[in-house]
Amino acid sequence: MSGSSFFCRAGLGLVFAATLAAPAMALGAGESPILKRIAERNAITIGHREASAPYSFINREQRVEGYSIDLCMKVVDAVKARLEKPDLQIKYVPINTTNRIALVANGTIDIECGTTTNTLARQEQVEFSPIFYITGTQVLVSAANSAKEVEDLKGKRVAVLQGSSNEQSLRALNDSEKLGIELVYAKDLGEGALLVANDRVDGFAADGGQIKVFAATKAQPKGSLKVIGRLLTYDPYSAMMQRGDLDFSLLVKRAYAETFRSSEAEKLYEKWFGPLGIVIEPELKTAFVIQAIPR
Amino acid sequence: MIYHWDWSVPISAPYLGWLMSGLAWTLLVAGAAWVLAFILGAVIGILRTLPNRAARMVGAVYVAVFRSVPLLLQLFLWYFVVPELLPASVAHWIKRDLPLPEYWTSVIGLGLFTSARIAEQFRAGIQAVGRGQSMAAAASGLTLLQSYRYVLLPVAARYVLPPLTSEFLNVVKNSSLALTIGLLELTGQSRQIEGVTFHGIEAFTAATLIYVALTLAAIAAMRAIERVVAIPGLMARV
């Protein structure tokens, strides 16, 4: 690593600094199968969502971007430094809730940067990065609806995303409190919101952060949808990678911890959520502090 | 591949129950859509062979419309768009008061799509009987209705049995698209298991085997029907 590249690449500065400051940290792929295959292909493959703005989506210019993607770029920078490949290519593979686990497990994707909730059951299959976003199940309803909590939707029809943690929580609540809510299955965020807008259902239970963004940016006409209710679940988002590669997992943890410590993460949050009028929640701020593990 | 295989997932509670419920919905959707498609398809197919030009036009337009639009799109249109075009009270009834709206929408969407394909098979079957037969029927004094009832249809129905088998299998398989409007049939339930357990590969494998078993059973049933109704000497058999 030459001194000039250190000064030229201001964006990589922190990662390079960490590398220089810690001579014990190995360079090259070492024993890591993921780093080895990245070095072999001279490309890192990122799994992304197509329409989960502002986390992970394809913009009007057909480029992949978002809050989750920007955070993953810190990992890409760390991989570039580690492998000493400043011209490492980035390949993007679109994923959905059905294929994401298989694509991570079979090594098509090196790191998944989307809106995946980190759960212990899922940790049996994949490795997760530190938590970079915290949300919970809330309900999207039409602005005219007087309901304040999900219990006010007793006996009504409520849409959920198929296979989501939101669905599981709503079903549990439905059973324990005998709410008699009829669940309707939607396949993505846009369809769930369309069901509410079309009056096919009374509410749409999904990750609060995502439906707040939807209500703020996509509701037609503006202000016709709102988000109600307490957080019914705790849904922490993490990036997924293949399980059993401690080296790569450590590299990812290190990249995220640096981002949390330098308050870069907060700036990225502000960049993506600020324009939507959403301020950072105290829980997430605390999570950043706690996960900023010292070098 | 680093994947923690667990083949007990699709056969353990509650996931086995989910798969079975999915199978039941697959059968209910495919069965009802098949009845609708068969009746409508036969009627439209006959319309397309009648001497009356207007009747043939109606049949041709129907087939063109339902055969040219992808099924996925048709289901979406029936579910999201058509109710918005209807008077508010009717739309409200469809959206909120009709029991099992996703089920009935799937049956209608899948049934009409398939009926256009069945209509073409019936038309081909009737035309395969040949002009000679219908002219002979007319010459022996049968009315148009009688010539269809006693000459053309009994033979045509036997001709179309093999392609109808394929169409029946298509209905079973196409019913998986009903998941896109929220019906949790077999494929939908497999995705459900995937979401909860992250053991999607095992769940989809189980669903695949169930589909194969279903279609093999359907093939055997249709072959049996073909044998039972066969008229000796009518069709070349191997």
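Letters A, B, ... are given to chains in the order of the sequence lines, protein chains preceding strands, and every chain is numbered from 1.
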Minimum-distance pair of heavy atoms, taken over all atoms of [X] and [Y]:
X: A:R122; Y: B:G195; value: NH2-O, 3.3 Å
X: B:T180; Y: A:E191; value: O-OE2, 3.3 Å
X: B:F80; Y: A:L195; value: CE2-CD2, 3.7 Å

| said: Strictly less than 4.5 Å between heavy atoms, which residues of residues 22-30 of chain B line up against chain A? Please order them by number. | reply: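 Near chain A, by residue number: none.
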| Could you give the distance from CH2 (B:W5) to CD (A:Q125), rounded to the nearest 0.5 Å? |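 If we round to the nearest 0.5 Å, B:W5:CH2 and A:Q125:CD are 9.0 Å apart.
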| message | Nearest 0.5 Å, please: how far is CD1 in B:I201 from CG in A:N106? | response |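 With rounding to 0.5 Å, CG (A:N106) is 7.5 Å from CD1 (B:I201).
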| Any donor-acceptor N/O pair, A:Q162 side chain to B:G188 backbone, under 3.5 Å |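 The answer is yes, because a donor-acceptor pair under 3.5 Å joins these two groups.
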| task | Spell out, as yes or no, whether a donor-acceptor pair under 3.5 Å connects the side chain of A:R200 to the backbone of B:Y79. | result |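 Yes, because the side chain of A:R200 sits within donor-acceptor range (under 3.5 Å) of the backbone of B:Y79.
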| request: Scan B:H92, B:R96, B:K95 and name whichever one has a side chain to side chain donor-acceptor pair (under 3.5 Å) with A:D199. | output: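 Passing option: B:R96.
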| request: Identify the residues of residues 167-179 of chain A whose heavy atoms come closer than 4.5 Å to a heavy atom of chain B, ordered by number, or report 'none'. | output: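 From residues 167-179 of chain A, the residues near chain B are A:E167, A:Q168, A:R171.
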| residues 43-51 of chain A: residues contacting chain B (heavy atom under 4.5 Å, by number) |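 Listed by number: none.
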So which part of [X] gets closer than 4.5 Å to some heavy atom of chain A, the side chain, the backbone, both or neither?
X: B:W18; value: side chain
X: B:F204; value: side chain
X: B:I181; value: backbone
X: B:E194; value: side chain

| query | With a 4.5 Å limit on heavy-atom distance, are the side chains of B:L183 and A:Y185 in contact? | reply |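 With C-beta onward as the side chain, the pair stays apart.
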| request: Please examine the side chains of A:Q123 and B:F198, heavy atoms only from C-beta on, and report whether any two atoms are closer than 4.5 Å. | output: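 No; the side chains remain at least 4.5 Å from each other.
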| query | So which part of A:V201 gets closer than 4.5 Å to some heavy atom of chain B, the side chain, the backbone, both or neither? | reply |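 Interface part for A:V201: backbone (N, CA, C, O).
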| What part of A:D202 gets closer than 4.5 Å to chain B, counting heavy atoms only: side chain, backbone, both or neither? |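 Both backbone and side chain.
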| query | Does atom CE of B:M20 have more than 12 heavy-atom neighbours from other groups under 6.0 Å away? | reply |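 Counting other residues, nucleotides and ligands, CE of B:M20 exceeds 12 neighbours.
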| More than 12 heavy atoms of other residues, nucleotides or ligands under 6.0 Å from CZ of B:F38: is that the case? |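 Atom CZ in B:F38 is not crowded, with 12 or fewer foreign heavy atoms closer than 6.0 Å.
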| task | Using salt bridge (charged side-chain N to carboxylate O under 4.0 Å, His left out) as the criterion, list what pairs up with A:D235, not counting sequence neighbours. | result |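 Testing A:D235 for salt bridge (charged side-chain N to carboxylate O under 4.0 Å, His left out), a comparison that skips the adjacent residues, returns none.
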